[in-house]
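Not measured: the values here are computed from a predicted model. Note on naming: letters A, B, ... go to the chains in the order of the sequence lines (proteins, then strands), and numbering restarts at 1 for each one. Note: hydrogens, waters and symmetry copies are ignored here, and every other heavy atom, side chains too, is used.
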Amino acid sequence: MALVQEATRRPVTASAGVSFEGVSKKFPDGTVALNPVTFEVESGEFVAVVGPSGCGKSTLLRLASGLTKASTGSIDVAPGKLGYVFQDATLLPWRTVRRNVELLAELRGVPKAEARAAASAAIATVGLNGFEDKYPRALSGGMKMRASLARALTTAPEVFLFDEPFGALDEITRERLNDELLRLFADRRFAALFITHSVAEAVFLSTRVLVMSGRPGRIVADIDVPFGYPRASELRYDPAFARIAGEVGAALREAHS
Amino acid sequence: MTSVVLPGAGPDLPDGPGVAVAPGDAPEKRPSLLGVVVPPLLLSAAVVGVWYLFSYVILKPSRRFLLPPPQTVIHTSFLEWNNLHPLLQSLALTAKAAGLGLAISILLGFAIAVAMSQAKAIERSVFPWAVVVQTVPILALVPIIGFMFGYNFRSRVLVCVIIAIFPIITNTLFGLQSVEEGPHDLFTLQGVSRWTRLWKLQFPAALPNVFTGLRISAGLSVIGAIVGDFFFTQGQPGLGILINTYLNRLETPQMYGDVILSSLLGIFAFLMVGAVSKRVIGAWYDSARGRAA
Ligand SMILES: Nc1ncnc2c1ncn2[C@@H]1O[C@H](COP(=O)(O)OP(=O)(O)OP(=O)(O)O)[C@@H](O)[C@H]1O
Ligand SMILES: [Mg+2]
């Protein structure tokens with residue numbers, strides 16, 4: 001059984017989802033969070049980013065989303081809907097799960113019935129059925145993160161930014177949500193920029209892994225992951241998978257030293 | 001194998017008696033009715049006991065009028081219509097002043113806090129004045145207010161507002177400003193207006209703090225109504241003026257009756273705020289532990 005399938009890279013003519021050109025970031029207090037980085041995430045591409053803590057990964061996403069302005073260089077993000085899953089769940093404690101998931105549609109002035117339908121679908125996708133009317137305080141950490149993911153899904157984004165969304169979850173839940181996320185990706189083919197600390201997660205999800213050096217971060221390796229989608233859970237135990245994970249791990253160790 | 005119970009094992013925050021268990025929570029440690037009712041009753045009994053001790057043992061009979069025993073106070077003040085009637089009339093007046101003062105404090109305090117949260121310049125220019133109003137001794141202000149606005153109902157309400165507004169301003173402002181960066185980013189990414197942000201994010205997030213302020217202000221407003229009345233010494237009498245009147249006539253049972261009504265009014269205000277708070281934010285905020293999660 002060959003789990004390794006031919007790579008499904010986008011043709012070169014594809015529009016860029018996200019493109020960074022010599023982008024660096026220096027905070028007003030003098031902290032240099034990011035050395036100039038240049039990379040592209042085409043739409044239909046899933047790019048994972050790994051790197052030591054504090055190397056500027058979150059900063060990278062904040063720059064891509066426009067929450068922070070770059071100090072140098074230029075950033076292009078495909079016009080259209082942007083999805084952003086933060087490092088914390090950032091649920092509003094006074095809203096039930098359903099109302100939290102409906103929030104973005106509500107803020108964008110989407111009609112109520114439509115918002116409700118989108119929320120129900122997203123809640124089902126992340127497996128939170130039955131918890132719609134619970135307040136966040138009644139959820140476990142993993143369930144909060146799933147609600148946060150569901151909230152981002154309602155916007156049907158074309159560019160999707162993930163900041164270590166599953167970092168706090170146990171292995172099994174994490175793998176389940178990875179599978180779920182890939183199913184969505186196979187279905188919708190957004191451009192994804194996914195931060196993680198887990199090499200296995202990075203390789204399992206992505207078409208490409210970017211490895212960053214310690215602060216101030218820059219990209220020290222750009223490793224292709226030549227598996228097609230959909231990906232079966234068993235891919236994680238495939239020798240080819242292990243080889244690429246080994247490569248990423250080695251680059252990461254080098255970046256740390 | 002012996003099972004060892006580690007010190008510190010088990011719930012880290014044992015629910016004491018009287019800690020309300022929110023509906024929907026697992027009823028692991030629902031405080032028993034006994035636990036809720038008995039300790040406060042014991043304390044009340046002790047207080048009444050000390051009262052008797054003073055009236056009958058410590059005070060000589062010739063000086064017993066300084067603190068008449070409970071049954072005398074209750075009988076004279078509350079069971080004799082001639083005495084009860086003026087007390088109730090004053091209570092109504094004082095309650096009205098305190099309630100109106102609190103309502104104005106809420107509206108005005110909230111508006112001021114919102115304005116301050118919207119611009120640092122407003123915060124910097126208004127805050128010192130809020131502090132001044134809070135710290136100037138109310139006793140110094142009362143006569144001035146009397147001169148300027150007359151010894152009427154409006155002036156009594158004004159005293160309530162002056163004394164009750166500060167906790168509402170500070171707590172509301174603190175709540176509006178304490179929203180974390182994450183939720184703010186979430187709203188920023190949707191390109192919301194500042195009013196949407198205020199109404200859908202900052203205001204609900206501030207509610208627990210608003211109620212903290214309200215709980216303090218409700219009591220202060222009652223105090224303001226009584227103190228203002230006490231020092232005006234003119235106009236239609238509220239509970240404050242009556243204290244003076246009874247004192248001058250050495251009608252101490254009525255005076256203590258007045259004090260009891262005053263504190264009942266304060267307790268009522270406090271409980272009302274608690275009940276409203278529980279209704280509004282009880283589903284998602286655990287005020288006993290001061291957190292949402
Ligand atoms: N607003 C800020 N002002 C000053 N320095 C900042 C600011 N935000 C982040 N930094 C600094 O920039 C660096 C990169 O931060 P960033 O949050 O991007 O790291 P990260 O790679 O996401 O780390 P982690 O993996 O721990 O989440 C850190 O050293 C941090 O201290
Ligand atoms: Mg980070």
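Within the model, atoms OG of A/Ser148 and OH of A/Tyr84 stand 11.5 Å from one another, a figure rounded to the nearest 0.5 Å.
For the pair B/Lys96 and B/Phe153, the distance from NZ or CZ to the six-membered ring centre is under 6.0 Å and the angle to the ring normal is within 45 degrees. Under a cutoff of 6.0 Å and an axis angle of 45°, B/Lys200 and B/Phe203 do not form a cation-pi pair.
Both the backbone and the side chain of B/Leu201 come within contact range of chain A, judged by heavy atoms closer than 4.5 Å. Contact of A/Leu139 with chain B is not made at all, since no heavy-atom distance falls under 4.5 Å.
Residue with the most contacts toward chain A among B/Thr188, B/Leu189, B/Leu207, B/Val179: B/Leu189 (heavy-atom pairs, distance under 4.5 Å).
A salt bridge does not link A/Asp163 to A/Arg62: none of the charged nitrogens lies less than 4.0 Å from a carboxylate oxygen.
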